[in-house]
Amino acid sequence: MNKRLFFIVIVAICALYCSNSNAQTYDELITRSFDYLDADSLPEAEDALREALRIEPGNAGNGMLLLNLGTIQRRQGKLKEAEDSYTIGLAFLPRNITLLNSRAQLFAQMEKYAEAIDDYTEVIVQEPENENAYYERALCKLLNQDTLGARLDLEQIDRFNPNSAKSRLGMAYVYKAQQMWREASELYDVLIERNPRNASLLRERAEVFYFSNRMGAALDDVSKSINLDPRDPYSYVLRAQIRYAKGDKEYARRDLNQALELGLNKDEVRDLIEKLK
């Protein structure tokens, strides 16, 4: 890190993380943060790391400290603060794969897909056969309306790992986005044959069957998914949609109510609520 950048980083750390607390050493504060994490006390863990940064803003270990801080902030839903922490951490460790992946995941969560793509691209520059980076970048491209770019990333995975499950799953998402239901269901068939108790795969294939008007197969898959993971509200929503399509409004209402009891936001299913009144 050059001197000018180092000075900017120190100023940024002081501006973002200064606070008042009892005097403790840098190492003591980091140890205390781990103790708080073990107790699932995230605000206290965050405060301990902020104080460590305040007392030693130029410590060479701050890059990884900022990684931990950003992850703690992200777990609390403090997404902008987490972005700041990861970004300053990358000023200390500009090529650190873990920091780049963490910020990319955060950008994707924030629907900043172009920024996430940039971070995954940097990971791929350093690790040209990083399967997860290609897969995640493909998903970001798909969400950013770049279907061709997503396909190219998934095809790149196939070049160095022809049996990749991630590549098949990613292509299933591409086919779903293009409403190519038969092609998508064929890929899910392969994935589910290998992972017959994977609730998410069963729910996703059920969705494909639903949109291709194969309601019996859709109901069978989503019911299996619910048996495997009865706490997933989206499976109940899908089963409600399938049952409504089959004319069974009473059972559809029960499934929708179960989804709401599991914490689903009403705004996400406003249209279905209206249909089932």
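How far CG of L143 is from CD of E111: 8.0 Å, rounded to the nearest 0.5 Å. Summarising the geometry, atom CZ belonging to R137 is positioned 10.0 Å from atom CG belonging to D146; distances are rounded to the nearest 0.5 Å. The line from NZ of K166 to CG of L191 is 11.5 Å long, rounded to the nearest 0.5 Å. Atoms CZ and CG, from R239 and D248 in turn, are 10.5 Å apart once rounded to the nearest 0.5 Å. Taking CG of L66 as the reference point, atom OG1 of T87 lies at 10.0 Å (rounded to 0.5 Å). Interatomic distance, L238 CG to L219 CG, rounded to the nearest 0.5 Å: 9.5 Å.
Contact annotation: the side chain of T98 never approaches that of L93 to less than 4.5 Å [non-hydrogen atoms, C-beta and beyond]. With contacts defined as side-chain heavy-atom distances shorter than 4.5 Å, the pair L53/I88 does not qualify. Looking at heavy atoms from C-beta onward, Q24 lies out of side-chain contact with E51 at the 4.5 angstrom threshold. Residues E155 and L152 form a side-chain contact, since some pair of their non-hydrogen atoms from C-beta on lies under 4.5 Å apart. Within the 4.5 Å cutoff, no side-chain heavy atoms of M110 are placed close to those of E115. Using a 4.5 Å cut-off on side-chain heavy atoms (C-beta onward), D158 and M171 make no contact. Under the 4.5 Å side-chain criterion, counting only non-hydrogen atoms from C-beta, L262 is not in contact with L264.
Listed for the D153 side chain is no donor-acceptor partner under 3.5 Å among the backbone atoms of E136. When atom types are taken as modelled, the side chain of S225 and the backbone of A199 share a donor-acceptor pair closer than 3.5 angstrom. With hydrogens and angles ignored, the 3.5 Å screen pairs a side-chain donor or acceptor of Q126 with a backbone N or O of R95. Side chain of R197 to backbone of L228: no donor-acceptor contact under 3.5 angstrom is found. Between the side chain of N101 and the backbone N or O of A133, no donor-acceptor pair lies under 3.5 Å. In this structure, N195 contributes its side chain and N198 its backbone to no donor-acceptor pair below 3.5 Å.
Electrostatic pairing of K80 and D84 counts as a salt bridge here, judged by a charged N lying under 4.0 Å from a carboxylate O. Of the charged side-chain nitrogens involved, at least one lies within less than 4.0 Å of a carboxylate oxygen, so that R254 and E250 count as a salt-bridged pair. Under 4.0 Å is where a charged nitrogen must lie from a carboxylate oxygen, and between D267 and R270 at least one such pair does.
With hydrogens and angles left out, the side-chain atoms of Q73 and S85 include a donor and acceptor closer than 3.5 Å. At a cut-off of 3.5 Å, with distance as the only test, no side-chain donor of Q109 or Q105 sits close to an acceptor on the other residue. Side-chain atoms of E46 and Q76 include a donor-acceptor pair closer than 3.5 Å. D229 and Y234 share no side-chain donor-acceptor pair at under 3.5 Å.
No single ILVMFWY cluster, assembled from side-chain heavy atoms under 4.5 Å apart, contains both V125 and L90. L29 is connected to I72 through a chain of hydrophobic side-chain contacts under 4.5 Å among Ile, Leu, Val, Met, Phe, Trp and Tyr, so both are in one cluster. Follow the hydrophobic side-chain contacts under 4.5 Å out from V123 and you never reach F107; the two are in separate clusters. Cluster membership check: V190 does not share its hydrophobic cluster with L154, using side-chain heavy-atom separations under 4.5 Å among Ile, Leu, Val, Met, Phe, Trp and Tyr. I242 and I226 fall into different hydrophobic clusters, where Ile, Leu, Val, Met, Phe, Trp and Tyr are joined by side-chain heavy atoms under 4.5 Å apart, directly or via other members.
Across L100 and P94, no two heavy atoms sit closer than the pair CD1-O, 4.3 Å. The minimum heavy-atom distance linking P128 with F160 is given by the pair O-CE2, 4.0 Å. Considering all non-hydrogen atoms of both residues, A116 and A104 come closest at CB-O, 3.4 Å. Across every non-hydrogen atom of E56 and Y26, the tightest pair is OE2-CB, 3.2 Å. Between P230 and Y236, the shortest heavy-atom contact is O-OH, 3.1 Å. Pairing each heavy atom of A82 with each of G70, the nearest pair is CB-O, 3.3 Å.
Note: Y188 and Y173 have perpendicular aromatic rings, judged against thresholds of 30 and 60 degrees for the angle between ring planes.
A 6.0 Å sphere centred on OH of Y251 holds no more than 12 heavy atoms belonging to other residues, nucleotides or ligands. Annotation: R168, atom CZ; neighbour count of heavy atoms from other residues, nucleotides and ligands within 6.0 Å is above 12. By the 6.0 Å contact criterion, NZ on K266 is open, its count of non-hydrogen atoms from other residues, nucleotides or ligands being 12 or less.
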For this session: Output, in order, the C-alpha distance, side-chain angles, deciding distance and verdict of side-chain contact (heavy atoms from CB on, under 4.5 Å) for Y86 and L67.
Result: CA-CA 6 Å; Y86 288 145; L67 168 64; 3.8 Å; yes
For this session: Check the pair R32 / E44 against salt bridge (charged side-chain N to carboxylate O under 4.0 Å, His left out), numbers first and verdict last.
Result: CA-CA 9 Å; R32 177 162 291 193; E44 290 81 1; over 6 Å; no
For this session: Go through L169 and L201 one step at a time and tell me if the side-chain contact (heavy atoms from CB on, under 4.5 Å) criterion holds.
Result: CA-CA 9 Å; L169 182 58; L201 290 175; 3.9 Å; yes
For this session: Step by step, work out the side-chain contact (heavy atoms from CB on, under 4.5 Å) result for Y210 and M215.
Result: CA-CA 6 Å; Y210 169 73; M215 297 303 171; 3.6 Å; yes
For this session: With side-chain contact (heavy atoms from CB on, under 4.5 Å) as the test, would you mind laying out the steps for N144 and L142 before giving the verdict?
Result: CA-CA 5 Å; N144 208 36; L142 187 61; over 6 Å; no
For this session: Decide yes or no on salt bridge (charged side-chain N to carboxylate O under 4.0 Å, His left out) for E83 and K112, but give the supporting numbers first.
Result: CA-CA 11 Å; E83 179 185 343; K112 295 183 175 183; 3.0 Å; yes
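Shown are R151, K141, M180, E183; of these, the side-chain contact (heavy atoms from CB on, under 4.5 Å) with V174 is made only by R151. A salt bridge (Lys or Arg N to Asp or Glu O under 4.0 Å) with R203 is found for exactly one of D221, D220, D232, namely D232.
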